[in-house]
Amino acid sequence: MSGWIAVAGLGPGAEALVTPEVSAALAAATDVVGYIPYVARVAPRAGLTLHPSDNRVELDRAALALRLAAEGRRVVIVSSGDPGVFAMASALFEALEAAPEHAGTEIRILPGITAMLAAAARAGAPLGHDFCAINLSDNLKPFAVIERRLRAAIAGDFAMAFYNPRSKARPEGFARVLGILRAGCEPGRLITFARAVSTPDEALSTVTLAEARPEMADMRTVVLVGNAATRRVGRWVYTPRGGKP
């Protein structure tokens, strides 16, 4: 029996936002590999082995999946959101590049609903025109790279989605980001803080850049920054498709 690997996005949290394609892959799997809280979202059953692991060992997880598939196992690597957005799809291909003996492995990437898209839908349509996504964690890249990309996005008047804005280990990073935004954007620029969207802990708040504070974000928060044209209509926030103020 030949094995395979599916890299699956579990969506932002609610079971209703897991795609049927992902559910079918999990039902067929013999093994599920992933970060501890994501594996915990998969119900145990007979014939299924769960392989939870800590954060920052993405390449180890990917290498394990490749070995299991080579043994004929049907492996699902789980990520939250979409596996191609700051998640495990890239790590799997990096591990595959380092292990050419597994080049023939059957691999499928199963898309999921990202946190930024779930958050944007709750707010209205703040990403309705050109936008970019920036991971604010400096675990895998220096803050100088984050700052360069942020300044480029400001200069291009992109709407922006920020992942991993503020952690206990680096509480000062998001304060620096807000400072860079204030240097390049008008104080009335709209910012949405969307925490744990689609879960019982969901919280959504839209403020101006002048009102934004670092403590409004944590690692469960996606921050959506509008462009110069982004505005309110009733309780909603949207960016016009024409992109003009």
Side-chain angles (χ1 to χ4, degrees), residues 9 11-18 80-82 84-86 111-137 146-167 170-245:
E15 286 300 313
L17 298 182
V18 179
S80 66
D82 180 278
V85 179
F86 308 126
I113 297 173
T114 70
M116 68 179 171
L117 297 183
R122 286 288 197 268
L127 304 180
H129 195 54
D130 297 337
F131 71 91
C132 65
I134 302 175
N135 187 341
L136 298 184
S137 171
I146 297 171
E147 181 174 354
R148 184 172 72 247
R149 292 173 180 172
L150 177 58
R151 292 188 186 280
I154 292 169
D157 196 26
F158 283 91
M160 294 169 257
F162 297 151
Y163 279 74
N164 302 319
R166 185 171 182 265
S167 70
R170 46 180 181 81
E172 74 292 336
F174 189 55
R176 294 171 67 183
V177 167
L178 287 177
I180 294 167
L181 288 171
R182 290 186 174 116
C185 303
E186 69 283 358
R189 184 72 61 100
L190 294 178
I191 300 184
T192 297
F193 294 86
R195 186 177 189 276
V197 169
S198 85
T199 78
D201 298 324
E202 177 177 321
L204 195 76
S205 175
T206 298
V207 300
T208 66
L209 177 56
E211 297 167 328
R213 298 290 179 266
E215 59 271 16
M216 292 178 174
D218 63 12
M219 289 294 282
R220 298 186 70 191
T221 305
V222 172
V223 181
L224 305 177
V225 181
N227 69 13
T230 303
R231 49 188 179 262
R232 297 179 188 267
V233 53
R235 70 181 183 88
W236 303 102
V237 176
Y238 85 105
T239 300
R241 290 179 295 166
K244 296 179 180 179

Is the closest side-chain heavy-atom distance between [X] and [Y] below 4.5 Å?
X	Y	result
L181	F162	yes
F158	N227	no
P12	I113	yes
S198	L17	yes
I154	I180	yes
E172	R166	no
L178	P214	yes

Applying side-chain contact (heavy atoms from CB on, under 4.5 Å), name anything that partners [X], two or more places apart in sequence or on another chain.
X	answer
P111	E21, D82
F86	A133, N135, Y163
Y238	A125, R231, V233, P240
L190	T206, T208, T230, R232, V237

Exercise for the section: Sort and list the pairs that fulfil salt bridge (Lys or Arg N to Asp or Glu O under 4.0 Å) and have at least one residue in residues 208-218, not counting sequence neighbours. Expected result: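 Qualifying pairs: R195-D218.
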
Fill in the blank from the handout: Separation between SG (C132) and CG (L127), nearest 0.5 Å, reads 9.5 Å

Practice task
Mind checking the CG-CE spacing from N164 to M219? Nearest 0.5 Å is all I need.
Solution key: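 These two atoms lie 3.5 Å from each other.
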
Exercise for the section: Mind jotting down which residue pairs meet the side chain to side chain donor-acceptor pair (under 3.5 Å) criterion with at least one end in residues 175-185? Sequence neighbours excluded, please. Expected result: none

Looking at every non-hydrogen atom in both residues, tell me the closest pair between [X] and [Y] and how far apart they are.
X	Y	answer
P126	G124	CD-C, 3.6 Å
L209	C185	CD2-CB, 3.8 Å
A153	I134	CB-CD1, 4.5 Å
V223	A217	CG2-CB, 4.2 Å

Can you tell me if [X] uses its side chain to pair, donor with acceptor, with the backbone of [Y] under 3.5 Å?
X	Y	value
H129	R241	yes
T221	F193	no
R189	G226	yes

Problem - side-chain contact (heavy atoms from CB on, under 4.5 Å) evaluation trace for L224 with I191 - result: CA-CA 6 Å; L224 305 177; I191 300 184; over 6 Å; no

Practice task
Kindly indicate, with the supporting measurements, whether the criterion side-chain contact (heavy atoms from CB on, under 4.5 Å) is fulfilled by T192 and S205.
Solution key: CA-CA 6 Å; T192 297; S205 175; over 6 Å; no

Exercise for the section: Please identify each residue that fulfils side chain to side chain donor-acceptor pair (under 3.5 Å) with S137, with sequence neighbours left out. Expected result: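 So S137 forms a side chain to side chain donor-acceptor pair (under 3.5 Å) with N139.
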
Problem - Residues in salt bridge (Lys or Arg N to Asp or Glu O under 4.0 Å) contact with R220, at least two apart in sequence or another chain - result: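 Per chain and number, R220 pairs via salt bridge (Lys or Arg N to Asp or Glu O under 4.0 Å) with D201.
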
